[in-house]
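Bear in mind the structure is a predicted one, so any value in this text is a computation, not a measurement.
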Amino acid sequence: MKQKETLLNTMGINISRDIDEIGDEHVGTSFETPLREDAFEMDDELKIELIEKHFKEIMHVLGLDLTDDSLKGTPRRVAKMYIQEIFSGLDPKNKPDAKLFENKYKYNEMLVEKDITFFSNCEHHFVPIYGKAHVAYISNGTVIGLSKINRIVQYFAKRPQVQERLTMQIGNELREILGTDDIAVVIDAHHMCVSSRGIKDVNSSTVTSFYSGKFEREENSRNEFMKYISL
């Protein structure tokens with residue numbers, strides 16, 4: 001708790017303020033997804049059963065008739081969706097097995113994978129974030145299968161997120177897997193917590209970036225990357 005409190009204070013957030021007072025302020029507390037140490041001691045089927053039970057109670061509190069044919073299966077459907085689909089990226093067992101290959105073509109220019117569609121969920125309101133991720137790297141002797149880049153994006157997107165963290169997690173993961181600092185990530189996304197509630201602005205999007213190695217040091221490399229993703 002003390003570490004989290006210190007981080008919040010360095011960000012100018014007073015931990016003693018009531019959550020309702022903080023309201024819609026964009027609060028981020030960790031570069032890693034906040035998880036308890038016992039997060040994976042419970043198996044998936046038990047998690048589904050418990051979420052089903054609690055979501056049924058939420059629907060009951062909302063006044064919905066759970067005997068209705070259209071609604072009675074909803075708690076189970078939501079529970080399975082949470083565990084098996086939209087939050088499956090929380091579980092390390094679902095992490096993509098990213099195998100590397102020798103760069104036999106000796107291709108030493110940047111490789112760009114753009115317009116990777118992703119769906120995530122805002123950790124503040126549990127409503128969708130969706131958009132495009134653009135990724136580039138310069139090989140230092142090994143390459144990764146193109147589909148694995150997409151899978152890495154999807155893995156980190158499928159958890160409660162803030163866009164800044166998502167961008168950094170993708171960038172750092174690729175840097176570690178590929179063994180190169182020359183990584184670039186740009187994400188352009190729409191947030192339903194902005195468009196469907198609160199300010200209800202349906203036209204705005206949020207752009208975040210991660211640059212390391214040549215992309216961080218060299219303006220020409222950044223400009224070349226931006227040129228490719230704007231084509």
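The shortest non-hydrogen separation linking L174 to I152 is CD2-CD1, 3.7 Å. Of all non-hydrogen atoms in A98 and I177, the two that sit nearest each other are CB-CD1, 3.8 Å. Closest of all the heavy-atom pairs between M226 and V186 is SD-CG2, 4.2 Å. Across all their heavy atoms, E85 and K158 have their closest contact at O-CD, 3.6 Å. Nearest heavy-atom pair across L166 and V153 is CD1-O, 4.5 Å. For S205 against D188, the heavy-atom pair with the smallest separation is OG-OD1, 2.9 Å.
In this structure, P75 and L66 have side chains that are in contact, with non-hydrogen atoms separated by less than 4.5 Å. For the pair Y137/D182, no side-chain contact is recorded, criterion being any heavy-atom separation below 4.5 Å from C-beta on. Side-chain atoms of T67 and K72, non-hydrogen and from C-beta on, never get closer than 4.5 Å to each other. Side-chain contact check for R151 versus K148: some heavy-atom pair is nearer than 4.5 Å. Within the 4.5 Å cutoff, the side chain of T142 has no heavy atoms near those of the E102 side chain. A 4.5 Å side-chain heavy-atom check between F118 and I187 finds at least one atom pair inside the cut-off. Using a 4.5 Å heavy-atom cutoff, the side chains of I144 and I149 are in contact. Between Y107 and V143 the shortest side-chain heavy-atom distance does not fall below 4.5 Å.
In terms of hydrophobic clustering, with Ile, Leu, Val, Met, Phe, Trp and Tyr side chains grouped at heavy-atom distances under 4.5 Å, M192 and V78 are assigned to different clusters. A single hydrophobic cluster is seen to contain both I58 and L64, as judged by linkage of ILVMFWY side chains at heavy-atom distances under 4.5 Å, directly or through other members. Following chains of ILVMFWY side-chain contacts shorter than 4.5 Å, one cannot reach I116 starting from Y130, and the two form parts of different hydrophobic clusters. When hydrophobic clusters are built by joining Ile, Leu, Val, Met, Phe, Trp and Tyr residues whose side-chain heavy atoms come closer than 4.5 Å, directly or via intermediates, Y228 is grouped together with Y211. Cluster annotation: V185 and M110 are assigned to distinct hydrophobic clusters (Ile/Leu/Val/Met/Phe/Trp/Tyr, side-chain heavy-atom contacts under 4.5 Å, transitive).
Salt-bridge check for R165 with E123: passed, with a basic side-chain N closer than 4.0 Å to an acidic carboxylate O. A salt bridge links K93 and D44; the closest N-O separation between the charged side-chain nitrogens and carboxylate oxygens is under 4.0 Å. With respect to R76 and E45, a salt bridge is recorded, a charged nitrogen being found less than 4.0 Å from a carboxylate O.
Judged purely by distance below 3.5 Å, without hydrogens or angles, the side chains of K132 and T117 pair a donor atom with an acceptor atom. A donor-acceptor contact under 3.5 angstrom links the side chains of Q163 and T208, judged on distance only.
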Quick one: do L146 and L111 satisfy side chain to side chain contact (heavy atoms under 4.5 Å, CB included)? Show the steps, please.
CA-CA 10 Å; L146 293 180; L111 183 146; 3.8 Å; yes

Using the side chain to side chain contact (heavy atoms under 4.5 Å, CB included) rule, take Q169 and T33 through it: C-alpha gap first, then chi angles, then the decisive distance, then the call.
CA-CA 9 Å; Q169 286 179 333; T33 302; 3.1 Å; yes

Assess whether side chain to side chain contact (heavy atoms under 4.5 Å, CB included) is satisfied between R197 and H125, documenting all intermediate values.
CA-CA 10 Å; R197 56 161 303 283; H125 295 95; 3.4 Å; yes

Determine, stepwise, if the pair K95 / E173 fulfils salt bridge (charged side-chain N to carboxylate O under 4.0 Å, His left out).
CA-CA 11 Å; K95 190 174 184 178; E173 181 70 12; 3.1 Å; yes

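Side-chain N or O atoms of S120 include one that pairs as donor or acceptor with a backbone N or O of R159 at under 3.5 Å. Checked by atom type and distance alone, the side chain of K106 never pairs as donor or acceptor with a backbone atom of G141 at under 3.5 Å. Between the side chain of Q161 and the main chain of F156, a donor-acceptor pair closer than 3.5 Å is present. The closest donor-acceptor contact from the side chain of D43 to the backbone of L46 lies under 3.5 Å. Side-chain atoms of S212 come within 3.5 Å of backbone N or O of D181 as a donor-acceptor pair. For S196 (side chain) and C193 (main-chain N/O), no donor-acceptor pair under 3.5 Å exists by modelled atom type. Under a 3.5 Å cut-off, the side chain of H191 and the backbone N or O of I129 do not form any donor-acceptor pair. A donor-acceptor contact shorter than 3.5 Å links the side chain of N94 to the backbone of S88. Between the R222 side chain and the F215 main chain, a donor and an acceptor come within less than 3.5 Å of each other.
Taken from NE2 in H54 to CD in E49, the straight-line distance is 11.5 Å, to the nearest 0.5 Å. To the nearest 0.5 Å, atom OG of residue S195 and atom NE2 of residue H190 are 8.5 Å apart. Of the inter-residue distances, the one linking I170 atom CD1 with Q154 atom CD reads 8.5 Å to the nearest 0.5 angstrom. A distance of 11.0 Å separates CZ of F225 from CD1 of I138, quoted to the nearest 0.5 Å. If you take CD on E164 and OG1 on T206, they are separated by 8.0 Å, rounding to the nearest 0.5 Å. Separating the NZ atom in K214 from the OG1 atom in T180 is a distance of 8.5 Å, to the nearest 0.5 Å.
No cation-pi contact links R36 to F40, judged by a cut-off of 6.0 Å to the six-membered ring centre and 45° from its axis.
Under the 30°/60° scheme for interplanar angles, the aromatic rings of F126 and F87 are found to be tilted.
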